[in-house]
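In what follows, a single structure is set out as structure tokens and then discussed.
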Amino acid sequence: MFSKGFLTPFVTGVLGSAAFYTVFDKISHKSRVDPEKFDFLKVPEDSSVLEDTKKLEQARSILKYGAPSQGPYLRFYENHVLAYDQSKRTPIWVAEYLTKANVEGPANRKNVKFRPDPNVTVMYTAHNSDYLGSGWSRGHMSPAGDNKHSQEAMRESFYLSNVVPQDLQNNGGFWNRLEMYCRDLTKTYQSIIIISGPLILPQERNGKQIVEYEVIGKSQVSVPTHLFKVVLAESDSMPTKPLGVFIVPNKPIGFEHSLTEFQVELEELERVAGVTFLPKLDRKQVSDLCKVNGCKLMKKEKFQLYFITRKIQSSRSIKHLDKVWGELEENKLQPDEYMVNLYNSKREELMNVEKDKSNVTK
DNA sequence: CGGTTCAGTGAT
DNA sequence: ATCACTGAACCG
């Protein structure tokens, strides 16, 4: 599963860290605890307290029936790794490793549906019914567009463990453009490591800091106030690794706003999230992505042209095709040569299809 | 690209 | 009756 070349460096790092430390690993060479009789082997990395044998013996009584569990900390998928919050029914963070090769390919959304993650205990998972009619859209953390190389990876990205309730305009607009920007970085850098997730931040009210958030559906899925994205770019040839960290409000954000408005220091995000995101990264060799690369998202005109192009490609009738073409006029957009050619060839293709159809009915 | 909604169909 | 699945139409 992890034998793919592009995954190796990342996964090696993960496996080498806290994930698979057990009490046995940590203390067996120092104490005489029999791991066979020890029924709560999985503990956090910072288990130094248990190195004291007396305390460990005591813990065996205290945790006689097992240590309270919040489920596995790390969950592995073909193209992403995530930590899941069983209480909020959303991920805590979702990490991806992007290369040019895995953001392009034939995989598509057809016949792929959002569904509860079968790896999450049913009573702790979100369901489609929670989102339906809630007013919130299902926002990917590892986006479908990052998994174009593998239909299986794309299918897994639609598990609700990879999804948070997201404002629809934000999801299809600003956040979408941020995701496109990240994919675009693979043209400049060999690999991009991205960690995304939801935040529930306190708001000031009457001089007090109040945490307030909506929950949706029978499962009470938590609606985040903000979303974050950590973007680290690297190439073998480069001495520094450009890093950009962003905290974006979960609401509509128009084209007048630039990405840099939402940039924060990594430490700032770590403080509010309570998560150390890149513990093994030497922060001395980090540079500012927005100074190096600009952090410029697609402008309004280009963005509109982009999804009109997509609609032309997916048109299945001349009527629809011409309606989409009319959107150019409505929005006073100038199609480039590529679009004109695309329109003409698509029109011809559909002419033939519809002609065949009418012949069959005759 | 990112999504939702609604109508029709078939299975339990 | 209700749920799952699919396609068509819709939005920015």
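Proteins come first, then strands; the chains are lettered A, B, ... in the order of their sequence lines, and each starts at number 1.
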Between atom [atom1] in [X] and atom [atom2] in [N], what is the gap in whole Å?
X: A:Trp175; N: B:dC1; atom1: CH2; atom2: C1'; value: 15 Å
X: A:Arg155; N: C:dC5; atom1: CZ; atom2: C1'; value: 16 Å
X: A:His127; N: C:dC3; atom1: NE2; atom2: P; value: 13 Å
X: A:Lys251; N: C:dG12; atom1: NZ; atom2: P; value: 21 Å
X: A:Lys148; N: B:dC1; atom1: NZ; atom2: C1'; value: 9 Å
X: A:Met339; N: B:dC1; atom1: CE; atom2: P; value: 15 Å
X: A:Lys311; N: B:dG3; atom1: NZ; atom2: P; value: 15 Å
X: A:Asn250; N: B:dG3; atom1: CG; atom2: P; value: 13 Å

Taking 5.5 Å and 30° as the limits, would you call A:Phe307 and the base of B:dG2 a stacked pair?
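The ring of A:Phe307 is not stacked on B:dG2.
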Under 4.0 Å between a side-chain N/O of [X] and OP1 or OP2 of [N], yes or no?
X: A:Lys110; N: C:dG7; value: yes
X: A:Arg138; N: B:dT4; value: yes
X: A:Lys323; N: C:dC11; value: yes
X: A:Lys113; N: C:dC5; value: yes
X: A:His140; N: B:dG3; value: yes
X: A:Arg109; N: B:dG3; value: yes
X: A:Asn176; N: B:dC1; value: no

What contact category does [X] fall into here, base, sugar-phosphate, or nothing, at under 4.0 angstrom with non-hydrogen atoms?
X: A:Lys300; answer: nothing
X: A:Gln166; answer: nothing
X: A:Arg183; answer: sugar-phosphate
X: A:Gly145; answer: sugar-phosphate

Does A:Leu266 share a hydrophobic cluster with A:Val275, counting links as ILVMFWY side-chain heavy atoms below 4.5 Å and allowing steps through other members?
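Looking at the clustering, A:Val275 is in the same group as A:Leu266.
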Can A:Asp282 and A:Lys241 be counted as an ion pair, charged N to O under 4.0 angstrom?
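No, no charged N to carboxylate O under 4.0 Å.
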Out of B:dG3, B:dG2, B:dC1, which nucleotide sits closest to the side chain of A:Phe114?
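Output: B:dG3.
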Ignoring hydrogens and angles, tell me if any N or O in the side chain of A:Ser191 forms a donor-acceptor pair with the backbone of A:Thr99 under 3.5 Å.
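Such a contact is absent between A:Ser191 side chain and A:Thr99 backbone.
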Pair A:Phe262-A:Cys295, side chain to side chain contact (heavy atoms under 4.5 Å, CB included): steps then yes or no
CA-CA 11 Å; A:Phe262 303 101; A:Cys295 290; over 6 Å; no
Please report whether the ring centroid of A:His226 lies less than 6.0 Å from that of A:Phe246.
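Ring centres of A:His226 and A:Phe246 not closer than 6.0 Å.
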Answer yes or no: does atom CD of A:Gln70 have more than 12 heavy-atom neighbours from other residues, nucleotides or ligands under 6.0 Å?
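For A:Gln70, atom CD is not crowded (no more than 12 foreign heavy atoms under 6.0 Å).
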